[in-house]
Amino acid sequence: MSEENEGPLRCLVTGAGGYIGGRLVPELLEAGHEVRCLVRTPDKLRDHPWAGRIEAAEGDVTQAEQVRPAMRDVDVAYYLVHALGTGPDFEETDRHAARVFAAEARRAGVRRIIYLGGLTPRGVPESELSPHLRSRTEVGRILLESGVPTAVLRAAVVIGSGSASFEMLRYLTERLPAMVTPSWVRTPIQPIAVRDVLRCLVGCARLPADVSRGFDVGGPDVLTYRDMMRRYAEVAGLPRRVIVPVPVLTPRLSSHWVGLVTPVPAQIARPLAESLRHEVVCREDDLSRYVPDPPGGRLGFDRALRLALQRIKDAEVATRWSSASVPGAPSDPLPTDPDWAGGSLYTDRRARRVEASPEALWRVIEGIGGDNGWYSFPLAWAVRGRLDRFLGGVGLRRGRRDPHRLRVGDSLDFWRVEEVEPGRLLRLRAEMRLPGLAWLELRVARDREGRTVYAQRAVFHPRGLAGHAYWWAIAPFHGPVFGGMTRNIARAAKDAPPGAGPPLGVGGGAPYR
């Protein structure tokens, strides 16, 4: 390797708001590199602990004129995005974005492209792969043909706190002591710990210039999914699970089954399930020649599970599968002009004086959702969540990344955190299936006498006649839902012990959920 490559590298990271990208950035910084992140909405990165140490470039990977300035003076470009779930044309979107990225990297003189794709089964024609794996394979090929030295890492199931694969495994095992399962639970898989994936991604930045190829990456264990569920139960201290595979559950049916049992929606569960139809085991381990294993070796499956569970227990989950925005979800900002001329804008405003300090009220507001619930009409929230899942949405079970703290970009059940002003404001944007755009604002304020006030505003921008009909159809529920929410949040703040987190009620259950 040349001397010029021994110093810090300037790395461009796409997908920094997602599961892998959000964890890769601090690893690159720790390795001494400079990091620039290409994101559509830079504000979504601002609450990450590393946000002040990176350069954020606004842009979309499908737009050459936006990618071009982000590539300037870059040594290594990480491609960690994909269009899965954006619609039936997602393969074409992936294809176009990869071509744009490859062309702009070559134009800018980037020294290396690094891409994380999927492990493909041995001996299976590309035409028989799932659309998800087929697209991942094609993207890797486009990048390898770019003329820029490229490393394509191919991984199967990634095990780490917050990963979609881990969440699917976790909830299936914890919630179903006995289960009828798809036949793919008997397929051999070679999982890999997320920290080993990150180590390989960082290490590839220093690959020799003449290395341009794909690498299989996996952990030390080859297991079936049934083995993985049983070993999860053992590590988590659960009774042995009874698992009966049957051949009738197709990937489509099994994805809906996963969607019913776990927080992972069917649109994400389906490509995961389809990827497990065939054996996904590494055919080579060549990357270890360039990126040596750590002294203790790669993490085994059981150790990776224990670390993931400990992270969840300690509320130290850095990113989750839901960190990335839901494909197709609205991203329009809340109209702030009081005389907004963009059309109808329905609002529901409520306020209540609170017999508690502003700090106590804020702790309740910031702790809302997930296991703490929504402080009103539990049945209405549950029905709306199930309806959203039925319509193909994310539903109410995504929960929270952290039980006490929120940051811009976090998913929160079927909401996305759009704005946080600590101690003052939490604004949520709906990601449920709606005929319009919706926001929910929760504020801490003071009245003229200096007393604490809780202010709440729900905003809805209808789309067409269906949107107007939707608002008026649910209007009768606003009192029980939004009014109850106002009363109960105020009461929870009053009843909370000083310095405590959100109250969980008697027996640990959410009191108003």
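We use all heavy atoms of the structure for the numbers below, so side chains are in, but hydrogens, waters and symmetry mates are not. For this chain, numbers begin at 1 and follow the sequence in order.
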Engineer: Within the distance-only criterion (no hydrogens, no angle test), does the side chain of Asp221 pair as donor or acceptor with the backbone N or O of Phe301 below 3.5 angstrom?
Structural biologist: yes
Engineer: Do the side chains of Asp402 and Arg405 get close enough for a salt bridge, i.e. N-O under 4.0 angstrom?
Structural biologist: no
Engineer: For atom CZ of Arg195, decide whether the heavy atoms of other residues, nucleotides or ligands shown that lie under 6.0 angstrom number more than 12.
Structural biologist: no
Engineer: Under 3.5 Å, side chain of Thr14 to main-chain N/O of Leu80, donor-acceptor pair present?
Structural biologist: yes
Engineer: Walk me through whether Arg95 and Ile142 qualify under side chain to side chain contact (heavy atoms under 4.5 Å, CB included).
Structural biologist: CA-CA 8 Å; Arg95 185 179 304 120; Ile142 290 170; 3.8 Å; yes
Engineer: Do Ile189 and Met228 have side-chain heavy atoms sitting under 4.5 Å apart?
Structural biologist: yes
Engineer: A side-chain contact here means heavy atoms from C-beta on lying under 4.5 Å apart; do Arg170 and Ser165 qualify?
Structural biologist: no
Engineer: Side chains of Val194 and Arg23, heavy atoms from C-beta outward: is any pair under 4.5 Å?
Structural biologist: yes
Engineer: Does the side chain of Tyr290 come within less than 4.5 Å of Val211's, by heavy atoms?
Structural biologist: yes
Engineer: Return the minimal non-hydrogen interatomic distance between Ala16 and Val39, and the atom names on each side.
Structural biologist: CB-CG1, 4.4 Å
Engineer: If the threshold is 4.0 Å, N to carboxylate O, is there a salt bridge linking Arg213 and Asp286?
Structural biologist: yes
Engineer: Between Leu116 and Ala155, which heavy-atom pair has the shortest distance, and what is it?
Structural biologist: CD1-CB, 4.2 Å
Engineer: Quick one: does any side-chain atom of His33 pair with a main-chain N or O of Cys11 as donor and acceptor, under 3.5 Å?
Structural biologist: no
Engineer: Tell me if a side-chain donor or acceptor on Asp94 pairs with a main-chain N or O of Glu91 at a distance below 3.5 Å.
Structural biologist: no
Engineer: Is a side-chain donor or acceptor of Ser146 paired with a backbone partner of Val148 at a separation under 3.5 angstrom?
Structural biologist: yes
Engineer: Does the ring-ring contact (aromatic ring centres under 6.0 Å, His included) test come out yes or no for Tyr78 and Tyr115, once each step is laid out?
Structural biologist: CA-CA 6 Å; Tyr78 286 89; Tyr115 170 60; over 10 Å; no
Engineer: Less than 4.5 Å apart, side chain to side chain, heavy atoms only: is that true for Ile192 and Val157?
Structural biologist: no
Engineer: Side-chain donor-acceptor pair under 3.5 Å between Asp60 and Thr62, yes or no?
Structural biologist: yes
Engineer: Ion pair present between Asp196 and Arg298, side-chain N to carboxylate O less than 4.0 angstrom?
Structural biologist: no
Engineer: Is there a donor-acceptor contact under 3.5 Å from the side chain of Asp75 to the main chain of Arg111?
Structural biologist: no
Engineer: With distance as the sole test, does Arg36 use its side chain to make a donor-acceptor pair with the main-chain N or O of Ala70 at under 3.5 Å?
Structural biologist: yes
Engineer: For residues Asp413 and Gly369, report the shortest heavy-atom separation together with the two atoms involved.
Structural biologist: OD2-CA, 3.6 Å
Engineer: Can you tell me if Gln190 uses its side chain to pair, donor with acceptor, with the backbone of Gly219 under 3.5 Å?
Structural biologist: yes
Engineer: Strictly distance-based, threshold 3.5 Å: is any side-chain N or O of Glu418 a donor or acceptor partner for the main-chain N or O of Arg429?
Structural biologist: no
Engineer: Apply side chain to side chain contact (heavy atoms under 4.5 Å, CB included) to Val35 and Trp50, showing your working.
Structural biologist: CA-CA 10 Å; Val35 178; Trp50 39 260; over 6 Å; no
Engineer: Evaluate Glu441 against Val459 for side chain to side chain contact (heavy atoms under 4.5 Å, CB included), listing each step before the verdict.
Structural biologist: CA-CA 8 Å; Glu441 284 187 341; Val459 181; 5.7 Å; no
Engineer: Over all heavy atoms of both residues, which pair between Ile368 and Leu442 is shortest? Give the atoms and the distance, please.
Structural biologist: CD1-CD1, 4.0 Å
Engineer: Only one of Arg283, Arg136, Arg134 forms a side chain to side chain donor-acceptor pair (under 3.5 Å) with Thr120, so which one is it?
Structural biologist: Arg283
Engineer: Decide yes or no for Val197 and Leu153: does some side-chain heavy atom of the first lie under 4.5 Å from some side-chain heavy atom of the second?
Structural biologist: no
Engineer: Please check if the side chain of Thr150 supplies one atom and the backbone of Leu143 the other of a donor-acceptor pair under 3.5 Å.
Structural biologist: yes
Engineer: In plain terms, say whether Glu65 and Arg68 are close enough for a salt bridge, that is, a side-chain N and a carboxylate O under 4.0 Å apart.
Structural biologist: no
Engineer: Does Arg463 reach the side chain of Leu437, with side-chain heavy atoms less than 4.5 Å apart?
Structural biologist: yes
Engineer: Take Glu58 and Arg40 through the test salt bridge (charged side-chain N to carboxylate O under 4.0 Å, His left out) and record every step on the way to the result.
Structural biologist: CA-CA 5 Å; Glu58 184 174 355; Arg40 285 179 293 183; over 6 Å; no
Engineer: On a heavy-atom basis, which atom in Ser161 and which in Phe166 lie closest, and how many Å separate them?
Structural biologist: CA-CD2, 4.2 Å
Engineer: In the structure I gave you, are the side-chain heavy atoms of Trp439 and Phe460 within less than 4.5 Å of one another anywhere?
Structural biologist: no
Engineer: Considering all heavy atoms of both residues, which atom of Leu119 and which atom of Cys282 are nearest to each other, and what is their separation?
Structural biologist: CD2-N, 3.8 Å
Engineer: Hey, mind stepping through Phe215 and Val291 against side chain to side chain contact (heavy atoms under 4.5 Å, CB included) and telling me if it holds?
Structural biologist: CA-CA 11 Å; Phe215 295 96; Val291 184; over 6 Å; no
Engineer: Return each pair, listed once, that meets salt bridge (charged side-chain N to carboxylate O under 4.0 Å, His left out) where at least one residue sits in residues 140-158; pairs must be two or more places apart or across chains.
Structural biologist: Glu126-Arg141, Arg154-Asp216, Arg154-Glu284
Engineer: May I ask you to say whether Arg199 pairs ionically with Asp293, meaning some side-chain N is under 4.0 Å from a carboxylate O?
Structural biologist: yes
Engineer: When the ring centroid of His461 is compared with that of Tyr346, is the distance short of 6.0 Å?
Structural biologist: no
